[in-house]
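Here the structure is a predicted model, which is why all the values come from computation and not from measurement. Reckoned from all heavy atoms, side chains included, excluding hydrogens, waters and symmetry mates.
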Amino acid sequence: MASAQDSVAFLTALSTDGSVDGSVPPLAVYTGENIFGRDDCHVFGKKISRKHLRLTAWSDEREDHFDVYVLGPNPVEVFSGRGKVKVKPKECCVIGDTDVIYFLPNDLPFRLNVCHRKECSTVSNTVVETTHRTITRVISTSVPSAVSKDVNNSGVKKRHLADDEGAWNQLKFYHLLLLLTSVHFIVETQEEINWHRNDANAGTVPMIASGRSLKPVEIPASKLRRTKFSLNFPPSSFHLLHTTGLPQSANSGCVRLQDVIEGDVQVAILSNYMVDVDWILSECPLLRRIPVIMIHGERGGSLDLLNNRKSKNWVLYQPPLPISFGTHHSKAMLLLYETGLRVVVHTANLIHADWNNKTQGLWMQDFPRKTSLTHRVSSGFEEDLVEYLTHLKWEGYTTSLPSTGPIKVNAQFFRTFDFSSATVRLVASVPGYHRDRDISKFGHMKMLQLLKDERFDSDFVRSPLVFQFSSLGSINEQWIDEMRSSMSAGKTTSGDDLGIGEVSFVWPTVEDIRCSLEGYAAGNSVPSPQKNVKAVQKSYWAKWRADHCGRGRAMPHIKTYARYNGQTLAWFLLTSSNLSKAAWGSLQKQNSQLMIRSYELGVLFLPSTVQRAVGSTFSCTGNAHSKEIGRAEASTFSENEYQQLRGRPGRLVTTNWEDDPSFEPFARLPVPYSLPPPRYGPRDVPWSWDCVYTKPDIFGEVWPRDVQFYAAQGPM
């Protein structure tokens, strides 16, 4: 890891008036060659190339020296005491302390601030620690409002100060102090900082993460699709989690943990892999007062931490793992209310970073209790859920509810709820050697069974598949073909097979991770070794591109699989399953046995399930679901129109879909990456978490580095 003493200088962004632009992080300059480009400047457009200029730092016994060499196709300008000089491509120029580099002529100025060796050596640790504490208080109380607007033809946003000049000057003082000590802004609280903007379409807002640096994110209005989402959580769609540091428009319709665990919950069953007790209790104090059954996958020291810090009303359960190298990886919630049950399936660990800094997905739906008329009625969703819970081998929990008295909450208890309106099917994995009829109940063979029974539009014949995941197991071409075969199942309405589709793997590049909201720290949640990555042919790799929803720099921890044609989806799966044999299973013994190592859970959106959302308004908290027919801004429908819609096949589309729905019922799904996903270029390198990366990220860090997951535990 590069320490503060390794930095010999910083490039500090300047505003048009020559003052420091605190919204752009300083660029650390190290001894040797330093490459800077548009990712470092936080700008969009191709006038600045990814490798725009090279700044070489070297020193002799008396002083430091800095040479600028233009790598990109456009010139830069250097302003010094001798005047302004234009440096053309493949030309070099010598610069010194306080000289200003314009990355484009008359635009994007950065001042070189040299860390003089004598001055740096006299800065004490006490000053640094005091600055950390002070800047935390200043940021949390004194961040000014700002106004963003376009001022030039290149589309670059210039920040202009609004009213709070005193607070801004105070903030600039500490910002400069941090620059001199080579220390980043450290934010020790989990509060959000709101920067109010007059321009609601674009702007810069801060990102907060416990023990992390403060970084702004700028998203131009042209990059964001103006999509309206219902805030009442329509069950025929899913939601992205709210990401700290994005403009309000990018978080429209997104959810937080408090939006999910709300109301008069009587019992909470939480299923997850990683659990930070301190964080979740601070987010949801309700979980201190009600029975909580935590089905988890923690081990070792993190399990000891969970046991030591959990509330007395919590019961921990770890499902058996009969096959080596398996995990309990399912992420779900079963929230019991007086009036019904809320089922939640999502992709985030119960830790701060997963619910604040990454791209994640969540589906939820509320279900009423069965009545005397429906108590004998079952559904595919009900069978999926009870089958999965039974395989957890959880004996259950006895409690008492005001309306029912003593009850035993176990797998069979959930048959008391009416799941006939479920808008998805569950796709689960449980460890074991599954044979005979059980072979089609789990893993990719469950997908094959569900898709085989569905009828699709003929537009999806031989249409492409996309696999998007955040961890890659040890796989080979034979197993990829096995997965592709299952995911390609299904017939058209006329009975023809859909046929095998071409597959893309959406996976972040090294540059995506380096320039992300978290810098290299994001790579710790994309855990795949180089040997697994290299085993995959490069033709499969596709880029993570999420400009339409503002999440290009929020690295994906979401896992999705889909078949698509343009912006129309044959089906869509939101799941905890990464691309591995452990998660999906592997066929053995001449395809008569499916071996699975881990517990996983996902929800599958199908055309046949979409119409169940028409008129579905039940809510455990009294907030009826919004009608979600056609466009988000569509008007209401008469009862006769609802009855007609119920009998018609559904359609799944992305939020980029713009065709006229003609009152056809469909689910508009916020797929967070571009379809079709762009392929890797010749210079793109897929991320591997066990490699060494020496080019500093946006925090000036290199990889590997320590990452903190739990509030009560140090970096790991």
Side-chain angles (χ1 to χ4, degrees), residues 273-274 297 299-300 321-331 347 349 427-434 439 442-448 465-488 502-510 512-513 522-542 544 555-561 573 575-602 680 684-693 703-704:
Y273 176 53
M274 298 174 65
R299 302 174 185 174
L321 294 168
I323 304 177
S324 59
F325 306 111
T327 60
H328 176 265
H329 199 243
S330 302
K331 297 168 178 64
T347 63
N349 288 294
V427 177
S429 292
V430 298
Y433 299 93
H434 306 291
I439 197 173
F442 305 107
H444 72 76
M445 294 299 288
K446 174 70 170 184
M447 282 291 296
L448 184 148
L465 300 160
V466 59
F467 298 172
Q468 179 271 312
F469 44 91
S470 62
S471 182
L472 178 66
S474 178
I475 61 177
N476 54 31
E477 196 65 28
Q478 179 182 350
W479 186 80
I480 294 175
D481 288 340
E482 185 178 309
M483 275 286 291
R484 177 164 40 200
S485 178
S486 290
M487 300 294 189
S488 296
E502 181 182 353
V503 180
S504 297
F505 294 171
V506 174
W507 181 261
T509 65
V510 174
D512 291 333
I513 298 289
N524 218 61
S525 297
V526 190
S528 288
Q530 189 177 35
K531 68 178 183 63
N532 291 358
V533 172
K534 280 190 171 183
V536 175
Q537 296 180 20
K538 191 167 185 178
S539 59
Y540 286 114
W541 296 121
W544 172 260
M555 288 298 96
H557 191 261
I558 191 174
K559 293 92 174 163
T560 61
Y561 300 77
L573 178 72
T575 179
S576 65
S577 295
N578 285 303
L579 193 63
S580 70
K581 297 178 183 179
W584 284 104
S586 179
L587 289 172
Q588 300 174 337
K589 297 185 176 180
Q590 298 180 336
N591 299 340
S592 65
Q593 173 177 286
L594 182 70
M595 189 272 282
I596 299 176
R597 298 179 186 273
S598 297
Y599 296 93
E600 307 282 358
L601 194 62
Y680 271 35
D684 291 318
V685 178
W687 169 259
S688 301
W689 78 330
D690 59 347
C691 291
V692 175
Y693 302 107
W703 186 261

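A heavy-atom distance below 4.5 Å is found between the side chains of D512 and T509. Q468 is listed as a side-chain neighbour of P556, based on a closest heavy-atom distance under 4.5 Å. Looking at I439 and N591, their side chains never come closer than 4.5 Å, going by heavy atoms from C-beta outward. Counting only heavy atoms from C-beta outward, the side chains of I513 and V526 approach each other to under 4.5 Å. Proximity of K581 to N476: side-chain heavy atoms (C-beta onward) are separated by under 4.5 Å at one or more points. Contact of the W507 side chain with the Y540 side chain is not registered, since no non-hydrogen atoms from C-beta on lie closer than 4.5 Å. Taking the side chain as every heavy atom from C-beta outward, F467 and L573 never approach each other to under 4.5 Å. Side-chain contact between L579 and I475: present, with at least one pair of heavy atoms (C-beta onward) separated by less than 4.5 Å.
Considering every non-hydrogen atom in both S324 and R597, the closest pair reads O-NH1, 2.7 Å. Closest approach of A522 and M555 over heavy atoms only: CB-CG, 3.8 Å.
Judged purely by atom type and a 3.5 angstrom limit, Y561 has no side-chain atom pairing as donor or acceptor with the backbone of M487. Side-chain N or O atoms of W687 include none that pairs as donor or acceptor with a backbone N or O of P527 at under 3.5 Å.
Atoms CE and OG, from M447 and S486 in turn, are 8.5 Å apart once rounded to the nearest 0.5 Å. The NZ atom of K331 lies 9.0 Å from the OG1 atom of T575; values are rounded to the nearest 0.5 Å. For the atom pair H444 NE2 and I596 CD1, the distance stands at 8.0 Å (nearest 0.5 Å). To the nearest 0.5 angstrom, I558 atom CD1 is 6.5 Å from W544 atom CH2. Going from atom OG of S488 over to atom CE of M483 covers 10.0 Å, rounded to the nearest 0.5 Å.
Not counting sequence neighbours, the partners of P529 by the side chain to side chain contact (heavy atoms under 4.5 Å, CB included) test are K531, N532, W689, D690. Take K559 and apply the salt bridge (Lys or Arg N to Asp or Glu O under 4.0 Å) test, not counting sequence neighbours, and it matches no residue. Not counting sequence neighbours, the partners of V533 by the side chain to side chain contact (heavy atoms under 4.5 Å, CB included) test are L472, S528, W541, P686, S688. Not counting sequence neighbours, the partners of Y433 by the side chain to side chain contact (heavy atoms under 4.5 Å, CB included) test are I323, R435, Q588, Q593, M595. Applying the side-chain hydrogen bond (donor to acceptor under 3.5 Å, both in side chains) test to S471 and every residue at least two apart in sequence or in another chain returns nothing. Shown here are the ring-ring contact (aromatic ring centres under 6.0 Å, His included) partners of H557, two or more places apart in sequence or in another chain: there are none. Scored by the salt bridge (Lys or Arg N to Asp or Glu O under 4.0 Å) test, R484 finds E477, D481 as partners (sequence neighbours excluded). In this view, S580 satisfies the side-chain hydrogen bond (donor to acceptor under 3.5 Å, both in side chains) rule with no residue, not counting sequence neighbours. For Y273, the ring-ring contact (aromatic ring centres under 6.0 Å, His included) partners at least two apart in sequence or on another chain are H329. For N349, the side-chain hydrogen bond (donor to acceptor under 3.5 Å, both in side chains) criterion is met by D354, not counting sequence neighbours. Partners of S330 by side chain to side chain contact (heavy atoms under 4.5 Å, CB included), not counting sequence neighbours, listed by chain and number: S271, H328, Y388, Y599, L601. Partners of S429 by side-chain hydrogen bond (donor to acceptor under 3.5 Å, both in side chains), not counting sequence neighbours: none found.
Atom NZ of K534 sits in a sparse spot, with 12 or fewer heavy atoms from other residues, nucleotides or ligands closer than 6.0 Å.
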Could you go through Q478 and L587, starting from their C-alpha distance and side-chain angles, then the distance that decides it, and tell me whether this counts as side-chain contact (heavy atoms from CB on, under 4.5 Å)?
CA-CA 11 Å; Q478 179 182 350; L587 289 172; over 6 Å; no
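The aromatic rings of F469 and F505 sit perpendicular to each other, their planes meeting at more than 60°, with 30° as the lower class boundary.
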